[in-house]
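A quick write-up on the structure given underneath.
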There are 2 protein chains.
Amino acid sequence: MARIKIPAAPAIRRMPTYLHLIRQAEADGLEYISGTVIATELNLEPIQVRKDLALTGITGKPKRGYLVPALITAIEHFLGWDKPKNAILIGAGNLGTALTGYQEFQYHGLNFVAAFDTNPERIGKQIHGVPVLSLNSLEENVKNLGATIAVLTVPSSEAQETADMIVKTGIRAIWNFTNTKINVPENVAVQREDLTSGYAMLCAAMQLYMA
Amino acid sequence: MARIKIPAAPAIRRMPTYLHLIRQAEADGLEYISGTVIATELNLEPIQVRKDLALTGITGKPKRGYLVPALITAIEHFLGWDKPKNAILIGAGNLGTALTGYQEFQYHGLNFVAAFDTNPERIGKQIHGVPVLSLNSLEENVKNLGATIAVLTVPSSEAQETADMIVKTGIRAIWNFTNTKINVPENVAVQREDLTSGYAMLCAAMQLYMA
DNA sequence: TAGATTGTTAATCGATTAACAATC
DNA sequence: TAGATTGTTAATCGATTAACAATC
């Protein structure tokens, strides 16, 4: 079986941005928000916003727009962000440490319950309140931690080897921050986050703008 | 004038991955690498790899593939990665600190020459060898630093305000790591990096895989 | 040579955008 | 009511994939 392709991926990627804006509207005490307003705010086409939001199953009211609280609930449910998720961090370096401290994740139900590392100087300490354990103890700890996501922030050279360890624990979702493509069984979801690809886009834009 | 849309954006995003793999091939002493091999290695279609690489202007040899050193040069030139770029970091928090320490960037010609922050405890110190200066001194320092890119890692609440300051210095490329959409003049390139959008994709994949 | 791989031209697929009747 | 906004159906656009002659 081929790896599943996520349908409407671009729309899904836009959801958090919508959510962020709509939450602001909520904080501002707005009862309704229209696709037109969202589009203007985010420099998008109104029809695109309507199409995207329709994916969540929400329906709006002509002339008013969407009910703010219902829209928030709809997006969160669509993304599964209404159910808290426990994650473990594999590799407690700079980037990993930054991720555990990133408030926005907790805000969306993502909780780091432990970090694992091979560096003895890191083991036993805490990063943003998250205990750093030995990578050797990964398997024996995962069960109690109730983690369903592994965030991979080890050096590229160890990415595949570490991914294999993660898979062995039974975790089936890996958020891969290394710049290496990892091979995993078909039933394991991998989301690769490549910071250099964003940098490539910025450089391409610079070449266009400054030409 | 509307903001320029980058053509072939998906292909550009894949370039760093190709580069990474081809560099490995170079390290392994390979003289040629074929699109077929690259595709197999990265789980892509061979035709997609060929189409993407053609964008860089390279041509391959039937039966052999592409000359490895020429391919590296072609991709780097295509992305403008053959010209070193100086960047300043705005916001020396967790994420910003991690970025200045991210080896991969230096490897692609991105140099952090200074960081700016408002926190007196941070000012005067160094992060990964990069001096942290007062945000108040941004304007007077930018000229000497020769920076063409600003990496924005301040709290969301200060994103727009800080972006305005950056624009005022004459910098025309902003890499925005906040989850806020910033408004800038048409001649300023902005690349938004949204970690929560990757998380949204992972969650969507989890819902599909685990359904 | 035989056959793998390239690059070109065409077909398909999916995402974005447009048009517009329905509706509050 | 008048008019802004929704959701549906159709058109367009761009990216991916397919087919295949050229070539080393």
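Here is how names work: the chains are called A, B, and so on, in the same order as the sequence lines, proteins then strands, and each is numbered from 1. Since the model is a prediction, treat every value here as computed from it, not as a measurement.
- The side chain of B:P62 approaches C:dT5 more closely than any other nucleotide in the set D:dT9, C:dT5, D:dT5.
- At whole-Å resolution of the value, CD1 in A:I58 and P in D:dT8 are 14 Å apart.
- In this structure, A:R23 satisfies the cation-pi test against A:Y107, with its NZ or CZ atom closer than 6.0 Å to the six-membered ring centre and inside 45 degrees of the ring normal.
- When rounded to the nearest whole Å, the span between CG of B:L67 and P of D:dC24 equals 15 Å.
- Between B:L53 atom CG and C:dG7 atom C1' there is a gap of 12 Å when expressed in whole angstrom units.
- Residue A:K5 has its side chain nearest to D:dT16 when only D:dT16, D:dT9, C:dT5 are considered.
- At whole-Å resolution of the value, CG in B:L55 and P in D:dT16 are 10 Å apart.
- Using a 30° and 60° split on the angle between ring planes, B:F105 and B:Y102 fall in the perpendicular class, above 60°.
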Tell me, with the steps shown, if B:K181 and B:N183 meet side chain to side chain contact (heavy atoms under 4.5 Å, CB included).
CA-CA 7 Å; B:K181 202 210 148 276; B:N183 292 308; 3.1 Å; yes
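- If you check C:dT6 for Watson-Crick or wobble pairing at under 3.5 angstrom, you find it paired to D:dA21.
- Residue A:Q48 contributes atom CD, which lies 19 Å from atom P of D:dT12 at whole-angstrom precision.
- Positionally, the nearest nucleotide of DNA chain C for A:P10 lies more toward the 5' end than for the other of A:P10 and A:K61.
- A cation-pi arrangement is absent between B:R122 and B:F116 under the rule of less than 6.0 angstrom and at most 45 degrees off the ring axis.
- Residues A:E45 and B:K63 each lie close to DNA chain C; by heavy-atom proximity, the contact nearer the 5' end of the strand is made by B:K63.
- For the pair B:I47 CD1 and D:dT17 P, the computed distance is 10 Å after rounding to whole Å.
- A 3.5 Å limit on both hydrogen-bonding distances identifies C:dT12 as the Watson-Crick or G-U partner of D:dA15.
- B:Y199 and A:W81 have parallel rings, their planes meeting at less than 30° on a 0 to 90° scale where 60° marks the start of perpendicular.
- Residue contacts shown for B:A8 are limited to sugar-phosphate atoms, with no base heavy atom under 4.0 Å away.
- Rounded to whole Å, atom P of D:dT23 lies 16 Å from atom OH of B:Y66.
- A straight line from CE of B:M15 to C1' of D:dA15 spans 14 Å, rounded to a whole angstrom.
- When distances run from any side-chain atom of A:R50 to the nucleotides C:dA18, C:dA19, C:dT9, the shortest one goes to C:dA19.
- Side-chain proximity of B:T36 to C:dT5, C:dC24, D:dT16: nearest is C:dT5.
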